[in-house]
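What follows is a set of notes on a single structure, which appears directly below.
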Protein chains: 2
Amino acid sequence: MAGPQRDTAAPRPTSRDVARAAGVSQATVSLVLGDKWQGRVAERTAERVRAAARELGYRPNLAARNLRLGRTRTALLVVPALTNEFFARVHTGAARVAARHGFGVVLYPTPDLTAPARDPFDSARASLDGVLASSMASEALGAIRGDELPLVMLDSDPAGSLGASTVNLDIADGMRQATEHLLALGHRDLLHLAADVDSWTFHVRRDALVAAVRGSGATVRTAKALLTVDDARVAAEAALGGPGPRPTAVVCDDDILAAGVCKAARRLGLHVPDDLSVTGFDDLTLATAVEPELTTVALPAERFGEQGMATLIAVLDGRAPEPAALPAHLVVRGSTAQSPASRR
Amino acid sequence: MAGPQRDTAAPRPTSRDVARAAGVSQATVSLVLGDKWQGRVAERTAERVRAAARELGYRPNLAARNLRLGRTRTALLVVPALTNEFFARVHTGAARVAARHGFGVVLYPTPDLTAPARDPFDSARASLDGVLASSMASEALGAIRGDELPLVMLDSDPAGSLGASTVNLDIADGMRQATEHLLALGHRDLLHLAADVDSWTFHVRRDALVAAVRGSGATVRTAKALLTVDDARVAAEAALGGPGPRPTAVVCDDDILAAGVCKAARRLGLHVPDDLSVTGFDDLTLATAVEPELTTVALPAERFGEQGMATLIAVLDGRAPEPAALPAHLVVRGSTAQSPASRR
DNA sequence: CTCGCGACGTTATACGTACAACTAAAGGCG
DNA sequence: CGCCTTTAGTTGTACGTATAACGTCGCGAG
């Protein structure tokens, strides 16, 4: 019989409601709550306004604020997939820095390939101030034109992304470290297992690998696999079980590939690391979960995201971003050892 | 001397600009582009408007639209951490369904514990229409009061989340399957390794485990570890290396824990699965990357997210959500085998 | 006394959109 | 011809905020 205590939709209080409760005008509320009241509103009044706002549970309407100010303090993060731990970490770092500056982060692409003509710029039904994009998100990049919004690229060819600032990981140096590690262990027949052979980062890795072996007398072959444990295993079985001299070490562009290679080795009756050395990339959770633990090139993924977002915010604030390249470092674990030949 | 071809900030065209270009009023533009022009605007005119919009590269201002409509078609997803593959998958599913209904998804919490008094409701500087929250995000939940926004809970105690709809995974049944699998293999001394012993899901698993062993004569002990491979290894070494009868099987609440247990076993000189059977939960990438591959309870994480978002959208549209419990199923792989005793 | 000025607010307006309410012209019909 | 209906739009307004521009006191100086 008795109606509900609250109406089904209790309308949120507006700044006008707060004003009424505090006995001031809406403008005063805006001044006080916007921290721009120094010398314009008496302390007593300001406190009354704050109390009223607290009392009513007032929260400013972001849509109205965004409309008024013409900016949203929201950035778009473009990555291939969050299920890839590396990019989840990048997101974590980016979101942390964003929050510290009062920015929000939304993600693109929303993983629905069947949706008709998704617009990256209203990814989360929000207007955007800027874009932070990984060069790995190749399909999504087509939809993003740099002249629309301030853009910062993550790990992109500086020459190819004209106008946009870039933040890079020094994956070339990481690859150099991994390669020299293997060369020092006596390996001379290397296999390079890659996932994204079309990407810019592949060529960076590839070039670094080739440069590092130059003069050592070592040979390098390349194989390709999808970025899954299983496909990497299949590819590695094919490459390692084939005719001709078998590589003694496999350099993988991702820990997931390395895990697949380890499984392939086991199937082929090869022992890692005694018969076959394997290196990965990224130092994912995976790397220490498998046996043996993976020697891998650790990348500061979170700092990568942090630096990227910091750069984007700097751009938005009109400050000149200092270019940055984050260092990679090799973590030597149990999946690499002296080559069979050099051990004798 | 010559100015830049474009001003530094070329103001985005508004619906009024489109109207001027098409020789109509702003209202007409709104009607045409809002697909609500049937019978109100002539096809010729509509086409002219669309052409003008295309020409100018018009995009509606989301902030203005949100303000006008009083809703944003944006939902908040509350999860513990995206670096947890399970929740990354939940996000993927949720975002897919959201996109299909023209909704966006923003994430909370932004991982910055140092930020002062973050407001969950302006997580991404956007107003929100609803909240989809995992019960695992315990700290964040404190900030969320169900009476503020429509709320759908993921995997929560139906009794504890009054008012809010819930979508659940049938983890109890998953646990039952795993336990019966181990019992059928002759195991009678089980160890239950858990991460979140304070959570509701822990108790569900625990109760299901206890119920499944009832009458079998089997015993169950419980150990606790952080959700990392390394901490699980340490905890398992302590539990398996201690005095008294050693468990012959370990039931883990997460694949990450299971991987740690496998490593502990190796250190203790135990062979998995011959000396020790191990089961995991979630069927992560990890599960098939380790040796042996993990027997694990696979959860439909993406469908979980999909169903959760579908339910939230149903609530927002005023439709009665059909309650759902998604099935779990055991995937038997190489980490479980006959107990040593029963093999003799 | 009155002018000016700092302190303390207020009034008015614009942001860009969606839609209710209105208008204007053209056709239909007896 | 007068009146209603349909078609094809337009005018006007509100969403909630931030801020520019404008009062209005009280008080000390000239």
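Order of the sequence lines fixes the chain letters, A, B, ..., with proteins taken first and strands second; residue numbering starts at 1 for each chain.
- Atom P of nucleotide dG16(D) and atom CG of D17(A) are separated by 9 Å, given to the nearest angstrom.
- Looking only at side-chain heavy atoms (C-beta outward), F103(B) and I313(B) come within less than 4.5 Å of each other.
- Separating the CZ atom of R73(B) from the P atom of dT17(C) is a distance of 18 Å, rounded to the nearest angstrom.
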Item to check | Residues D157(A), S135(A); criterion side-chain contact (heavy atoms from CB on, under 4.5 Å); working and verdict | outcome: CA-CA 8 Å; D157(A) 186 357; S135(A) 64; over 6 Å; no

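- Here dT17(C) presents its C1' atom at 13 Å from CZ of R12(B), a figure rounded to the nearest Å.
- R65(A) places its CZ atom 18 Å from the C1' atom of dG16(C), with the value rounded to the nearest Å.
- For the OP1/OP2 pair of dT17(D) and a distance below 4.0 Å, the side-chain nitrogens and oxygens of S30(A) include no atom meeting the criterion.
- The distance between atom CG of N66(B) and atom P of dC15(C), rounded to the nearest whole Å, is 18 Å.
- Here the nucleotide nearest the side chain of A64(A), chosen from dT17(C), dG16(D), dT10(D), is dG16(D).
- We find that CZ of R16(B) is positioned 8 Å from P of dC15(C), with the value rounded to whole Å.
- Heavy-atom nearest nucleotides on DNA chain C were determined for N61(B) and for A27(A), and the one closer to the 5' end corresponds to A27(A).
- When rounded to the nearest whole Å, the span between CG of L67(B) and P of dG16(C) equals 12 Å.
- Checked for salt-bridge contact, R50(B) and E47(B) meet the test: a charged N lies under 4.0 Å from a carboxylate O.
- Counting non-hydrogen atoms of other residues, nucleotides and ligands closer than 6.0 Å to CD of E55(A) gives a total of 12 or fewer.
- Whole-Å rounding puts the L62(A) CG to dG16(D) P distance at 14 Å.
- Among the atoms of the strands shown, only primed sugar atoms or phosphate atoms (P, OP1, OP2) are found under 4.0 Å from some heavy atom of V24(B).
- One N or O on the side chain of D129(B) and one on the backbone of R73(B) form a donor-acceptor pair closer than 3.5 Å.
- Between dT10(D), dT17(D), dT17(C), one nucleotide has an atom nearer to the side chain of Q26(A) than all others, and that is dT17(D).
- Here the side chain of T14(B) is nearest to one of dG16(D), dG16(C), dT10(D), namely dG16(C).
- Put simply, the side chain of R48(A) gets close to the backbone of A22(A): a donor and an acceptor are under 3.5 Å apart.
- Remark: R40(A), V41(A), A42(A), T45(A) in residues 35-53 of chain A come within less than 4.0 Å of DNA chain C through at least one heavy atom.
- Comparing L69(B) and T28(B) against DNA chain D, the residue whose closest nucleotide sits nearer the 5' end is T28(B).
- Side-chain nitrogen and oxygen atoms of S25(B) include none within less than 4.0 Å of the OP1 or OP2 phosphate oxygen of dT11(D).
- Paired with Y108(B) under the rule side-chain contact (heavy atoms from CB on, under 4.5 Å), one option of V79(B), L76(B), V131(B), L128(B) passes, and it is L76(B).
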